Amino acid sequence: MLATSPISPLPRCPRPLLLRSTPVMGFQLPVVPLRGFRKRVSRIEASDCNEHSSFSGVNNSVMSTVGKSTNIAWYECKIGKHERQQLLKQKGCVVWITGLSGSGKSTVACALSRELYSRGYLAYVLDGDNLRHGLNRDLSFSAEDRSENIRRVGEVAKLFADAGVICIASLISPYRSERDACRAMVPDSFIEVFMDMPLELCEARDPKGLYKLARAGKIKGFTGIDDPYEAPLNCELVIQMKNGECSSPSSMAEQITMYLDEKGFLKA
Ligand SMILES: Nc1ncnc2c1ncn2[C@@H]1O[C@H](COP(=O)(O)OS(=O)(=O)O)[C@@H](OP(=O)(O)O)[C@H]1O
Ligand SMILES: Nc1ncnc2c1ncn2[C@@H]1O[C@H](COP(=O)(O)OP(=O)(O)O)[C@@H](O)[C@H]1O
């Protein structure tokens, strides 16, 4: 809602709190006022609304059209990314883990989240598989839907980074141009990590039996089998096998944590 809309030129105040008992299934329930709540509300009414609201921010009233959304304006809050980062003592960023199915993306994402948690940092994992259970449940594995999947996760990751959180996105994200578009959403705060594991290893692991189904022609368009994977050309970190051995998930997580530390993301 616009604070300076022509319809309501005055700054909007929070609605006064009505402490009234509500009938529920024929019974009149007593009201137990929350301690301190009345006080907080009256403080807001007394000071902030009359002084043009110290908790709201700046709306420059420039109307835009973005995609199919017409006549929209950006509303800026006074508490911004900087304040949240100070609070959390870290910098919001996106750690984007890409690679074939079975390359270890989810494992390293969770290991990194645990490593950061144990050091007192707030991280959140956006896992491709998990997001397809909700936000992205309407998307298939066609090229068009994968692109939309990556775009949406990029947008959500950007919000987490803006919240000051270290957002760990782990999804196949097979297309270079879409990953680059996500990078462009959070310039200077995007750390692309390539799980550079050979297809043979991923296929041998096959924890969900999907490669087997794909080889048998029962899954069409499976990444690495009959659908493309475009490896990053210029990413921040590449995780590979050494002497035919895969290092442990926790040492991979340490490698990423070290990078975050070196680049200053682990301080406000
Ligand atoms: N056709 C096809 N190709 C690749 N993967 C498939 C496919 N069908 C289902 N799956 C399962 O979906 C998981 C990948 O989802 P993502 O959202 O990460 O994929 S993508 O980024 O949109 O390409 C992937 O999970 P991970 O193994 O964790 O990568 C698979 O379990
Ligand atoms: N560093 C590792 N060393 C050994 N096995 C691993 C490692 N990382 C993952 N795995 C195993 O490989 C399989 C695939 O890992 P997963 O994280 O599910 O990959 P992805 O998310 O890329 O599909 C799982 O069975 C997991 O236990």
Side-chain angles (χ1 to χ4, degrees), residues 94-115 123-157 160 167-183 190-242 244-253 255-256:
V94 177
V95 177
W96 191 278
I97 304 174
T98 173
L100 292 172
S101 174
S103 59
K105 302 181 298 295
S106 306
T107 305
V108 77
C110 291
L112 176 60
S113 162
R114 193 178 50 220
E115 173 69 20
Y124 191 82
V125 177
L126 296 176
D127 189 86
D129 239 338
N130 292 357
L131 293 174
R132 282 175 176 276
H133 284 75
L135 177 69
N136 295 332
R137 67 192 313 159
D138 58 324
L139 301 176
S140 71
F141 286 91
S142 68
E144 194 188 14
D145 281 5
R146 286 187 202 247
S147 297
E148 175 60 8
N149 183 36
I150 298 160
R151 187 194 70 80
R152 282 186 202 171
V153 179
E155 290 286 357
V156 175
F160 272 92
C167 182
I168 307 164
S170 56
L171 57 162
I172 298 178
S173 43
Y175 312 134
R176 210 172 281 140
S177 60
E178 264 70 17
R179 292 194 305 265
D180 287 346
C182 294
R183 175 186 292 277
F190 191 85
I191 301 104
E192 190 174 1
V193 180
F194 176 30
M195 297 301 291
D196 186 12
M197 299 296 156
L199 174 65
E200 300 72 49
L201 173 75
C202 301
E203 205 169 341
R205 285 175 170 170
D206 203 10
K208 302 169 210 160
L210 298 179
Y211 280 102
K212 207 169 167 193
L213 291 173
R215 287 289 186 197
K218 290 179 182 161
I219 299 180
K220 302 280 182 212
F222 196 80
T223 307
I225 304 298
D226 56 350
D227 224 53
Y229 178 79
E230 299 168 3
L233 298 175
N234 205 5
C235 61
E236 281 69 15
L237 285 169
V238 181
I239 295 186
Q240 285 173 319
M241 295 171 83
K242 278 180 204 122
E245 295 273 309
C246 202
S247 47
S248 70
S250 56
S251 72
M252 291 173 178
Q255 190 186 337
I256 304 172

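Predicted model, so just to flag it, every value in this text is computed and none were measured.
- Exactly one residue among Asp145, Leu131, Ile150 makes a side-chain contact (heavy atoms from CB on, under 4.5 Å) with Leu139. That residue is Asp145.
- For the atom pair NZ (Lys212) and CD (Glu203), the distance works out to 11.5 Å, reported to the nearest 0.5 Å.
- Between Met195 atom CE and Cys246 atom SG the span is 6.5 Å, to the nearest 0.5 Å.
- Atom CZ of Arg132 sits about 7.0 Å away from atom OG of Ser140, to the nearest 0.5 Å.
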### Query
What's the verdict on side-chain contact (heavy atoms from CB on, under 4.5 Å) for Tyr175 and Asp180, showing C-alpha distance, side-chain angles and the deciding distance?
CA-CA 9 Å; Tyr175 312 134; Asp180 287 346; over 6 Å; no

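- With salt bridges taken as basic N to acidic carboxylate O contacts below 4.0 Å, none links Arg215 and Asp206.
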Review item, side-chain donor-acceptor pairs of residues 106-115, under 3.5 Å, at least two apart:
residue : atom : partner : partner atom : Å
Ser106  : OG   : Asp127  : OD1          : 2.7
Glu115  : OE2  : Arg119  : NE           : 2.8
Glu115  : OE2  : Arg119  : NH2          : 3.1

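- Using a 4.0 Å cut-off between charged nitrogen and carboxylate oxygen, Arg176 and Glu192 do not count as a salt-bridge pair.
- Residues Arg151 and Glu148 are paired through a salt bridge, judged by an N-O separation under 4.0 Å between the basic side chain and the carboxylate.
- The ring pair (Phe, Tyr, Trp, His ring centres under 6.0 Å) check on Phe222 picks up Tyr211, with sequence neighbours excluded.
- Judged as a ring pair (Phe, Tyr, Trp, His ring centres under 6.0 Å), and not counting sequence neighbours, the contacts of Tyr124 are Phe160.
- More than 12 heavy atoms of other shown residues, nucleotides or ligands fall within 6.0 angstrom of atom CG in Asp138.
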